[in-house]
Engineer: 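I'd like to ask some things about the structure below.
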There are 2 protein chains.
Amino acid sequence: MKYCSHCGAEVAQRVPPGDSLPRYVCDSCGNIHYQNPKLVVGAVPEWHGKLLLCRRAIEPRYGYWTLPAGFMENDETTAQAAVRETLEEAGARIELAEPYTMISVPRVNQVHLFYRARVLDLEFKPGDESLEVALFEEPVVPWKEIAFRTVGLTLKHWFDDRRAGAFHFHAADIPPR
Amino acid sequence: MKYCSHCGAEVAQRVPPGDSLPRYVCDSCGNIHYQNPKLVVGAVPEWHGKLLLCRRAIEPRYGYWTLPAGFMENDETTAQAAVRETLEEAGARIELAEPYTMISVPRVNQVHLFYRARVLDLEFKPGDESLEVALFEEPVVPWKEIAFRTVGLTLKHWFDDRRAGAFHFHAADIPPR
């Protein structure tokens with residue numbers, strides 16, 4: 001950021017009074033431009049023991065498989081974001097269950113949140129951001145073609161928890177490289 | 001937002017190609033300015049059955065009581081944010097436990113996340129954003145002077161769970177008014 005979004009003047013990085021971190025501060029209108037992590041919210045949609053994955057039609061990680069997920073929007077709840085993203089990317093209608101994994105990714109200033117969910121019917125089809133959508137049993141999950149570490153970790157927890165007979169909430173961090 | 005933070009040109013709201021929501025789009029440099037919810041992260045610090053609360057020295061809700069919490073910063077994890085905010089607002093060193101409540105507040109485009117935590121010593125003291133910091137047993141919690149609904153809900157869950165003998169993760173939404 002180099003210009004003030006409120007008045008268009010140039011901004012410089014400095015620590016505002018009473019703050020401890022450098023911010024983009026506008027000396028013209030006084031506005032302080034904070035930059036904060038974003039929430040990426042998605043679902044782990046299950047259909048009779050199989051999980052629904054999408055193959056990405058966009059960068060980053062074009063062609064790799066992911067759980068349906070995307071940036072949470074203003075004016076919605078985390079649960080609404082998970083349902084919306086699953087419908088947009090996979091054309092899939094789901095019944096949402098509880099939050100399942102929450103993973104900080106400080107390297108890209110994101111927090112990824114996935115809900116457990118049940119696929120309601122087999123009418124799903126790829127949205128604009130997906131090449132294909134398919135259901136996978138554990139032995140055929142394309143582990144080497146998973147788009148993001150948070151997705152791989154979430155899938156691993158899901159299959160481990162199912163084997164153990166009980167699903168529970170998992171919090172984790174992906175350390176900076 | 002009325003000006004492009006990348007080039008300083010005026011921006012207008014419209015739906016970009018392939019998108020479904022209006023964004024601030026810069027016709028000069030092509031940048032799209034997304035606006036997304038922010039994470040507010042804090043802790044429920046316990047000292048031998050009492051909970052630590054801070055009385056706010058800043059708006060909004062000046063003079064009201066809150067759990068230590070604040071906006072998550074770039075380059076940190078949710079757990080680091082909870083520890084940092086507790087140190088900044090209450091001068092309290094804590095040992096963090098698991099995520100405890102996660103509450104969407106779409107009216108203000110925020111998601112509030114609180115961790116359970118143990119206060120490590122009694123050396124706490126108010127930071128710049130707090131008038132005072134104190135430990136409260138359940139009967140003397142100032143319920144009518146709690147700053148935010150997410151804090152009241154989190155405190156209620158904590159005392160209810162303690163009574164029931166088991167703490168577990170709670171997800172909720174504060175509906176728009």
Side-chain angles (χ1 to χ4, degrees), chain A residues 1-11 17-21 24 26 29 31 33-41 58 71-81 84 88 96 98-100 102-111 113 115 128-129 168-176, chain B residues 1-11 17-21 23-24 26 29 33-41 58 71-81 84 88 96 98-100 102-111 113 115 128-129 168-176:
Chain A
M1 190 186 298
K2 289 192 267 182
Y3 297 89
C4 177
S5 56
H6 286 241
C7 75
E10 282 192 46
V11 293
D19 203 338
S20 55
L21 290 171
Y24 285 100
C26 179
C29 76
N31 204 68
H33 299 272
Y34 294 96
Q35 297 185 296
N36 303 90
K38 296 194 177 196
L39 268 161
V40 171
V41 183
I58 52 171
F71 289 109
M72 183 180 176
E73 300 280 5
N74 280 353
D75 300 318
E76 68 183 358
T77 65
T78 52
Q80 288 168 338
R84 176 183 54 74
E88 285 179 8
L96 212 63
E98 74 286 357
Y100 182 56
M102 185 184 70
I103 308 168
S104 291
V105 195
R107 187 170 55 84
V108 291
N109 298 315
Q110 293 176 1
V111 176
L113 173 71
Y115 282 76
D128 290 345
E129 299 183 1
H168 60 97
F169 182 75
H170 300 268
D173 305 322
I174 304 287
Chain B
M1 189 188 297
K2 289 192 266 180
Y3 296 89
C4 177
S5 57
H6 286 241
C7 75
E10 282 192 47
V11 293
D19 203 339
S20 55
L21 291 171
R23 316 283 181 183
Y24 285 100
C26 179
C29 76
H33 299 272
Y34 295 95
Q35 297 185 297
N36 304 90
K38 297 196 176 197
L39 269 160
V40 171
V41 183
I58 53 171
F71 289 109
M72 184 179 175
E73 300 280 4
N74 280 352
D75 301 317
E76 68 183 359
T77 65
T78 52
Q80 287 167 340
R84 177 183 53 73
E88 285 179 9
L96 213 63
E98 76 285 357
Y100 182 56
M102 185 185 70
I103 308 169
S104 291
V105 195
R107 188 169 55 85
V108 291
N109 298 316
Q110 293 177 1
V111 175
L113 173 71
Y115 282 78
D128 290 345
E129 299 183 359
H168 59 97
F169 182 75
H170 300 267
D173 305 322
I174 304 287

Engineer: Of all of Gly8(A), Ala9(A), Cys4(A), Pro37(A), which one pairs up most often with chain B through heavy atoms under 4.5 Å apart?
Structural biologist: Pro37(A)

Engineer: Shorter than 4.5 Å, heavy atoms on both sides: which option in Glu73(B), His6(B), His168(B) has the most such pairs with chain A?
Structural biologist: Glu73(B)

Engineer: If you tally heavy-atom pairs under 4.5 Å against chain A, which of Cys7(B), Ala171(B), Pro176(B) wins?
Structural biologist: Cys7(B)

Engineer: Would you say that Met102(A) contacts Pro99(B) through its side chain, given a criterion of any heavy-atom pair below 4.5 Å between the two side chains?
Structural biologist: yes

Engineer: Measure Glu88(A) against the heavy atoms of chain B and call it side chain, backbone, both or neither at under 4.5 Å.
Structural biologist: side chain

Engineer: Measure the CZ-OG distance between Arg84(A) and Ser20(B) for me, rounded to the nearest 0.5 Å.
Structural biologist: 7.0 Å

Engineer: Does a side-chain heavy-atom distance below 4.5 Å link Glu98(A) with Phe169(B)?
Structural biologist: no

Engineer: If we check side-chain contact (heavy atoms from CB on, under 4.5 Å) with Pro106(A), which of these qualifies: Asp75(B), Thr78(B), Thr77(B)?
Structural biologist: Thr77(B)

Engineer: What heavy-atom pair brings Asn74(B) and Asn36(A) nearest, and what distance separates the two atoms?
Structural biologist: OD1-C, 3.1 Å

Engineer: Heavy-atom distance under 4.5 Å to chain B: side chain of Ser104(A), backbone, both or neither?
Structural biologist: side chain

Engineer: Check each atom of Tyr24(B) against the heavy atoms of chain A and say whether the ones under 4.5 Å are side chain, backbone, both or neither.
Structural biologist: neither

Engineer: Who wins among Asp128(A), Val111(A), Val105(A), Ile174(A) for the most heavy-atom pairs under 4.5 Å with chain B?
Structural biologist: Val111(A)

Engineer: Is chain A contacted by the side chain of Arg23(B), its backbone, both, or neither, given a heavy-atom distance below 4.5 Å?
Structural biologist: side chain

Engineer: Side chain, backbone, both or neither: which part of Ile103(A) has a non-hydrogen atom closer than 4.5 Å to chain B?
Structural biologist: neither

Engineer: Using 0.5 Å steps for rounding, measure from the CE atom of Met72(A) to the NZ atom of Lys38(B).
Structural biologist: 13.5 Å

Engineer: Taking the side chain as every heavy atom from C-beta outward, state whether Asp173(B) and Gln80(A) have any atom pair closer than 4.5 Å.
Structural biologist: no

